[in-house]
Amino acid sequence: MASKVLDDLELRSEAVQEVLSNPPAWIVRYGISIVFGVILLFIIGSWFIKYPDVIPAKAMVTSNYPPERLESKVNSRIVKLYMPNSSQVKKDDVLAILESTANFEDVLKLDKMVSSIPLDYQAFYFPFQEMGNLQLGDIQSSFSQFHKAYIENELNQKLHPYSEEINAGKSSQTENKNRLESLYGQQKLEKVKLSLSDVQYQRSLQLYEKGVISKYDLDVQKANNLQAKQSYDQINTAISQQREAIEQAKKQVVASEISQKKADVTNLASLFQALDELKKSIRIWKQNYLFQANYDGVFKFQNSWKENQLIKAGDLFATVLPENQGQYISSLKVPSQNTGKIRQNQKVLIKLDNYPFQEYGMLEGRVQSMSTIADKEGNYFIEVVMPNGLQTSYGRKIKFDKELTGSADIITDEMRLIERIFYQFRKLVQR
């Protein structure tokens, strides 16, 4: 109670009342200006300070020619290693061979022979005599079918089984034409004979009417005239039959030629089909038991692999980093929320997991395209081009020797801080 009274006395003292009744002049003079200046600085700062609207995403940076992953497709043993680790390789170089039921040297020899076959129908040739006894394992069945089709096609080309029928038909056609020409000559003679017989019969008829000849003589002349007509009709019939024989021979030749062409096409089609099946079997074998480089680049083991070592299906054997990687791109995986705000050419900032962005900086890209349909998890895939390549915002060059994963921010709107404040006021007014 005493302290309260003491406080009241101090507040009502002359010194306190003098201070309260006469505030310092600098507060009155500069206080409002300072407050106004602070507010003005805040407004100016909020204009220059950007607070962009971003959509987070998962990112994976790759290139037009990404590192090639060589994974084993079977459980087997490494028979032979052709390349040491970290060596330069060329496209189609054989890197390693896995154990199989086939002799890999025989398979590679056969593959080289098959690849060198010219796809020319007239010059199709395969040197079976140079192949010897091949140990092809799973490829043996396809090779036997190809060998059988090759022999059938070769025999068809050499023997031409329908050639005898074609030649016989053409010969018959020629003979029938010669006979037809002979019949045309006989037809002319018979026609002349018939004309003379008609004239003779008319004369005999006139003489009979005049009583010069007897009825017997007229009948004899009539019989001769009928015989001439019959001979002429027989020649016409023979000509018609000969024409029909010529058409039949012509049809026989055409049918035999069609059969021969059909046999040629069928045998050749069977041969190329068997060749395709053989190529397919070789390709499957190579995919399963052979590691081969698809690019020029650097070959690197994923593990310390040795010959005769067991490798399981799905194990990563090695990677090949291409020399020419082309343009760098980034694939983003974005949840469906707010994806309607994503547009082409929007800025993307990528932070790599392997390289902390506080030290190395961020990669910059631009949205190029977005999938129209989400996947089963409701995510959309976005492709981002990177015009600056792997140069970060700090000017550092990232080495692309492994998969680069990280997070990305898609800047959908380059908003300022003051705009965001006004947006918040607008939301309050609308409510």
Side-chain angles (χ1 to χ4, degrees), residues 58 60-116 131-147 275-325 331 333 352-354 376 399-406:
K58 295 181 180 179
M60 184 177 70
V61 179
T62 181
S63 66
N64 291 341
Y65 301 98
E68 181 184 8
R69 297 171 57 90
L70 302 177
E71 297 180 354
S72 177
K73 294 180 173 59
V74 294
N75 297 324
S76 185
R77 293 183 181 276
I78 301 174
V79 176
K80 188 173 181 60
L81 294 173
Y82 286 91
M83 296 291 176
N85 193 24
S86 300
S87 59
Q88 289 284 337
V89 296
K90 297 295 183 181
K91 182 180 179 181
D92 297 330
D93 280 351
V94 177
L95 308 177
I97 298 288
L98 300 184
E99 185 180 27
S100 69
T101 55
N103 185 321
F104 70 90
E105 294 180 349
D106 290 346
V107 176
L108 296 179
K109 181 180 179 181
L110 176 62
D111 182 42
K112 184 177 180 181
M113 287 289 187
V114 169
S115 300
S116 64
M131 302 306 294
N133 296 322
L134 302 178
Q135 183 179 346
L136 301 176
D138 298 338
I139 307 174
Q140 188 64 51
S141 176
S142 298
F143 180 73
S144 298
Q145 291 295 326
F146 171 65
H147 193 187
L275 177 61
D276 290 339
E277 289 296 326
L278 178 59
K279 289 181 177 179
K280 180 180 178 181
S281 298
I282 295 174
R283 185 168 59 253
I284 293 175
W285 184 91
K286 290 170 66 176
Q287 290 174 353
N288 290 334
Y289 301 103
L290 183 145
F291 291 115
Q292 197 170 16
N294 291 324
Y295 309 119
D296 295 346
V298 180
F299 167 72
K300 289 190 176 182
F301 281 135
Q302 185 66 20
N303 198 348
S304 57
W305 298 108
K306 305 294 181 183
E307 292 185 358
N308 297 320
Q309 186 176 354
L310 179 65
I311 185 171
K312 297 180 181 180
D315 286 350
L316 181 59
F317 172 69
T319 58
V320 177
L321 183 66
E323 289 182 354
N324 180 19
Q325 295 167 349
S331 299
K333 193 175 183 181
L352 299 176
D353 294 335
N354 300 336
K376 295 180 180 178
K399 186 178 180 181
F400 188 71
D401 59 353
K402 58 179 73 69
E403 287 185 350
L404 299 176
T405 59

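Predicted model, so just to flag it, every value in this text is computed and none were measured.
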query: When rounded to the nearest 0.5 angstrom, what is the spacing between CD1 in Ile97 and CG in Leu108?
result: 5.0 Å
statement: To the nearest 0.5 Å, atom CG of Asn133 lies from atom CD of Gln135 at 10.5 Å
query: Taking only residues two or more places apart in sequence, or in another chain, which ones meet Lys73 in a salt bridge (charged side-chain N to carboxylate O under 4.0 Å, His left out)?
result: none
Worked verdict on Leu98 versus Val79 for side-chain contact (heavy atoms from CB on, under 4.5 Å): CA-CA 5 Å; Leu98 300 184; Val79 176; 5.7 Å; no
message: Is there a side-chain contact (heavy atoms from CB on, under 4.5 Å) between Lys286 and Gln292? Walk through the geometry before answering.
response: CA-CA 8 Å; Lys286 290 170 66 176; Gln292 197 170 16; 3.6 Å; yes
task: Name all residues meeting the side-chain hydrogen bond (donor to acceptor under 3.5 Å, both in side chains) criterion together with Ser281; count only those two or more places apart in sequence or in a different chain, and write none if there are none.
output: Ser142
Minimum heavy-atom distance Ile311-Phe291, with the two atoms named: CD1-CZ, 4.4 Å
task: Applying side-chain hydrogen bond (donor to acceptor under 3.5 Å, both in side chains), name anything that partners Asn85, two or more places apart in sequence or on another chain.
output: none
message: Phe146: which residues meet the ring-ring contact (aromatic ring centres under 6.0 Å, His included) condition with it, sequence neighbours left out?
response: Phe126, Phe128
task: Find the distance between OG1 (Thr405) and CE (Met60) and round it off to the nearest 0.5 Å.
output: 9.0 Å
Candidate pair Val320 and Leu70, rule side-chain contact (heavy atoms from CB on, under 4.5 Å), full reasoning: CA-CA 8 Å; Val320 177; Leu70 302 177; 4.1 Å; yes
task: Please round to the nearest 0.5 Å and tell me the distance separating atom NZ of Lys279 and atom CG of Asp276.
output: 6.0 Å
- prompt: Would you say the side-chain atoms of Ser72 and Asp315 include a donor-acceptor pair closer than 3.5 Å?
  reply: no
message: Over 60° means perpendicular and under 30° means parallel, so tell me whether Phe317 and Phe299 are parallel, tilted or perpendicular.
response: tilted
- prompt: Got a sec, which residues hit side-chain hydrogen bond (donor to acceptor under 3.5 Å, both in side chains) with Glu71, two or more places apart in sequence or on another chain?
  reply: Arg69
message: Under a 3.5 Å distance rule, please check whether Glu307 uses its side chain to pair with a backbone N or O of Leu81 as donor and acceptor.
response: yes
task: Please collect all side chain to side chain donor-acceptor pair (under 3.5 Å) contacts where either partner lies in residues 89-110, sequence neighbours excluded, each pair once.
output: Ser100-Trp285
query: Roughly how far, to the nearest 0.5 Å, is the CE atom of Met83 from the CG atom of Leu95?
result: 6.0 Å
message: So, taking the atom named CZ in Phe143 and the one named CG in Leu275, what distance separates them when rounded to the nearest 0.5 Å?
response: 11.5 Å
task: Determine, stepwise, if the pair Phe104 / Leu290 fulfils side-chain contact (heavy atoms from CB on, under 4.5 Å).
output: CA-CA 9 Å; Phe104 70 90; Leu290 183 145; over 6 Å; no
